[in-house]
Amino acid sequence: MELPVVLVLWFVFSLTVVTNGDETIDLPPCDYSAIYNFGDSNSDTGGLAAALYPEGPPSGETYFKMPAGRASDGRLIIDFIADNLGKPYLSGYLDSIGSSYEQGANFATGGATIQRVNESWFQNGVSPFPLEIQVEHYTQFKDRSAYFYKETKDECLRKRLPNPDGLSKALFTLDIGQNDIAFGIRSLSLEQQKTAIRNVVSQFISQIRVLYERGARTFWVHNTGPIGCLPVTHSKVKDPSPGYLDEIGCVKDQNDVALLFNQELKEEIVKLRAEFTYATLVYVDMYAAKYELISQAKNQGFEDRFEICCGYHGIDYDVWCGNKGNVNGTEVYAGSCANPSAVISWDGVHYTESANRWIANRIMNGSLSDPMVPISRACHKPMPVS
């Protein structure tokens with residue numbers, strides 16, 4: 001019996017395949033059971049807000065119409081990833097109110113680092129939940145949710161928990177490292193920062209190993225973004241010496257450290273692929289996506305690349321989003337700009353929903369990934385090229 005032409009075309013175009021080279025062959029979309037995310041404020045959807053102090057207005061105003069535990073006016077990249085994969089927005093593991101973990105959980109917290117640093121939230125905004133603790137939280141979550149899923153007679157409770165049999169089909173996303181670089185910038189010389197990178201990456205890889213040992217099989221790993229391009233960084237620059245800034249006005253040394261981190265992370269991810277027989281690891285060039293957006297801001301429909309929507313920052317003052325402060329002798333309130341969708345930076349450090357959407361669309365198709373595979377098909381192991 002001949003298949004209808006429409007059905008044949010659907011089958012052909014619904015498949016994509018990854019190889020170790022630039023060639024792609026066809027494979028079906030992945031049927032992810034859940035998403036488990038680890039990271040910092042770039043992907044925190046309510047963890048730190050539940051554990052310490054929540055973001056106040058005007059955060060969340062664009063999409064949620066209220067503060068929603070996100071350092072943005074709306075959704076983050078991880079939210080758009082969840083949308084793309086047909087999953088609900090992830091509840092923070094630390095958020096006990098109204099949360100559901102049936103299709104995933106978010107262990108990220110704002111201010112989180114990979115390494116343990118001798119600082120605190122009250123001193124420099126460093127989270128008490130570094131990656132090591134986030135992975136431990138995942139371990140507790142996995143074990144306890146499996147127990148209650150199997151033992152409870154309460155169907156309402158079971159519906160809020162993941163099926164433990166689906167763990168091997170879950171997607172594990174990681175986006176962390178920016179705060180480790182920021183820690184180095186404020187506490188180490190440039191050469192010391194570069195020397196420290198290898199240890200930071202080593203600790204990152206060790207936690208990926210732990211996740212693998214505890215059942216994770218599909219990893220989508222973001223590198224770190226161009227920290228030297230953050231508008232709050234740019235606002236502190238006065239009379240820079242030649243070469244201090246790059247061609248678009250970003251602090252070159254800071255970006256060089258981020259690029260060194262990314263280079264070493266990619267090398268270690270490649271090594272892990274040979275070691276992890278039953279896993280797939282996709283390295284995602286978040287730096288390239290963010291730098292492309294910042295450098296082409298006006299061509300992409302945004303205002304000046306260093307514009308800040310919410311907050312006032314200068315050489316000797318910082319009035320953070322949602323706060324009152326003094327700027328040149330005048331008391332000001334740091335409220336939202338008139339049109340957040342036209343601005344890349346929400347608060348000088350984090351991105352607006354509009355920018356997050358742009359970046360998410362740029363990375364999810366796989367064009368900035370190694371191997372070059374869209375997130376919807378990241379579960380498939382690369383096939384060797386003959």
Side-chain angles (χ1 to χ4, degrees), residues 37-49 52-64 66-81 89-90 92 106 108-113 121 124-127 173 175-183 185 222-236 250 254 258 286-287 289-291 293-294 297 302-313 318-323 334-337 339-360 362-363:
N37 182 70
F38 305 81
D40 52 31
S41 56
N42 288 307
S43 61
D44 180 0
T45 56
L48 194 71
L52 295 175
Y53 299 102
E55 294 271 351
S59 69
E61 65 175 16
T62 296
Y63 182 80
F64 301 100
M66 60 183 290
R70 292 157 171 81
S72 179
D73 62 309
R75 290 168 290 182
L76 308 180
I77 293 168
I78 189 64
D79 293 313
F80 291 109
I81 287 175
Y89 299 142
L90 299 181
N106 195 347
T109 60
T113 52
W121 171 257
N124 283 310
V126 173
S127 169
T173 56
D175 187 332
I176 194 166
Q178 179 172 302
N179 292 316
D180 295 87
I181 294 172
F183 169 74
I185 290 169
H222 296 172
N223 69 15
T224 197
I227 191 171
C229 295
L230 297 179
V232 72
T233 300
H234 187 266
S235 72
K236 306 298 181 185
C250 301
Q254 294 186 11
M286 183 66 74
Y287 184 103
K290 289 182 175 179
Y291 195 88
L293 172 60
I294 293 165
F302 292 90
E303 297 176 5
D304 183 272
R305 62 176 64 99
F306 297 119
E307 185 77 17
I308 298 173
C309 180
C310 186
Y312 296 91
H313 301 277
D318 292 289
V319 184
W320 293 97
C321 185
N323 291 281
S336 176
C337 60
N339 186 13
S341 65
V343 181
I344 292 174
S345 181
W346 169 239
D347 58 7
V349 175
H350 306 97
Y351 292 75
T352 61
E353 171 173 300
S354 183
N356 283 326
R357 179 189 291 107
W358 190 99
I359 297 164
R362 188 70 179 87
I363 64 167

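In what follows, every heavy atom counts, from backbone to side chain, and hydrogens, waters and symmetry copies are set aside. Sequence positions, counted from 1, serve as the residue numbers for this chain.
Put simply, the side chain of Glu307 does not reach to within 4.5 Å of the side chain of Phe302, judged on heavy atoms. Contact annotation: the side chain of Asp79 approaches that of Arg70 to within less than 4.5 Å [non-hydrogen atoms, C-beta and beyond]. A 4.5 Å side-chain heavy-atom check between Asn42 and His222 finds every atom pair outside the cut-off. Considering only heavy atoms from C-beta on, Ile181 stays 4.5 Å or farther from Gln254 through its side chain. Counting heavy atoms from C-beta on, the side chains of Ile294 and Pro226 come closer than 4.5 Å.
The shortest heavy-atom contact between Ile344 and Ala297 is CD1-CB, 3.7 Å. Here the closest heavy-atom approach between residue Cys309 and residue Val343 is recorded as N-CG1, 3.9 Å. Residue Ile227 comes nearest to Thr233 through the heavy atom pair O-OG1, 3.7 Å, listed as atom of the first residue, atom of the second, then distance. For the residue pair Pro340 and Asp73, the shortest heavy atom distance occurs at CB-OD2, 3.5 Å. Closest heavy-atom contact between Gly39 and Ile176: CA-CB, 3.9 Å. Closest heavy-atom contact between Ala108 and Asp40: CB-O, 3.8 Å.
Residue Glu353 forms a side-chain contact (heavy atoms from CB on, under 4.5 Å) with just one option from Trp358, Phe64, Tyr63, and that option is Tyr63.
Distance CD1/Ile363 to CD1/Ile81: 4.5 Å, rounded to 0.5 Å. Atom CG of Asn223 is separated from atom CG of Asp175 by 8.5 Å, given to the nearest 0.5 angstrom. Atom SG of Cys229 sits about 8.5 Å away from atom CZ of Arg305, to the nearest 0.5 Å. With values rounded to the nearest 0.5 angstrom, Asn37 atom CG is found 6.5 Å from Leu90 atom CG.
Applying the side-chain contact (heavy atoms from CB on, under 4.5 Å) test to Ala49 and every residue at least two apart in sequence or in another chain returns Pro54. Legend: residues meeting ring-ring contact (aromatic ring centres under 6.0 Å, His included) with Phe306, ordered by chain and number and at least two apart, are His234. Applying the side chain to side chain donor-acceptor pair (under 3.5 Å) test to Ser41 and every residue at least two apart in sequence or in another chain returns His350. Applying the salt bridge (Lys or Arg N to Asp or Glu O under 4.0 Å) rule to Arg362 yields the partners Glu292; only residues at least two apart in sequence or on another chain are considered. Under the side-chain contact (heavy atoms from CB on, under 4.5 Å) criterion, Asn356 pairs with Ser72, Leu76, Ile77, Phe80, Tyr351, not counting sequence neighbours. Annotation: side chain to side chain donor-acceptor pair (under 3.5 Å) contacts of Glu55 (sequence neighbours excluded): none. The side chain to side chain donor-acceptor pair (under 3.5 Å) test applied to Gln178 returns no partner, not counting sequence neighbours. Applying the salt bridge (Lys or Arg N to Asp or Glu O under 4.0 Å) test to Asp318 and every residue at least two apart in sequence or in another chain returns Lys236. Contacts of Pro58 classified as side-chain contact (heavy atoms from CB on, under 4.5 Å), with partners at least two apart in sequence or in another chain: Glu61, Cys310, Cys321, Tyr333, Ser336, Trp346. Partners of Asp347 by salt bridge (Lys or Arg N to Asp or Glu O under 4.0 Å), not counting sequence neighbours: none found. For Asp44, there are no side chain to side chain donor-acceptor pair (under 3.5 Å) partners at least two apart in sequence or on another chain.
Here the side chain of Thr352 pairs a donor or acceptor atom with the backbone of Ala355 at under 3.5 angstrom.
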message = Evaluate Asn179 against Thr113 for side-chain hydrogen bond (donor to acceptor under 3.5 Å, both in side chains), listing each step before the verdict.
response = CA-CA 5 Å; Asn179 292 316; Thr113 52; over 6 Å; no
*Show your working on side-chain hydrogen bond (donor to acceptor under 3.5 Å, both in side chains) between Thr45 and Asn106 and close with a plain yes or no.*
CA-CA 7 Å; Thr45 56; Asn106 195 347; 2.9 Å; yes
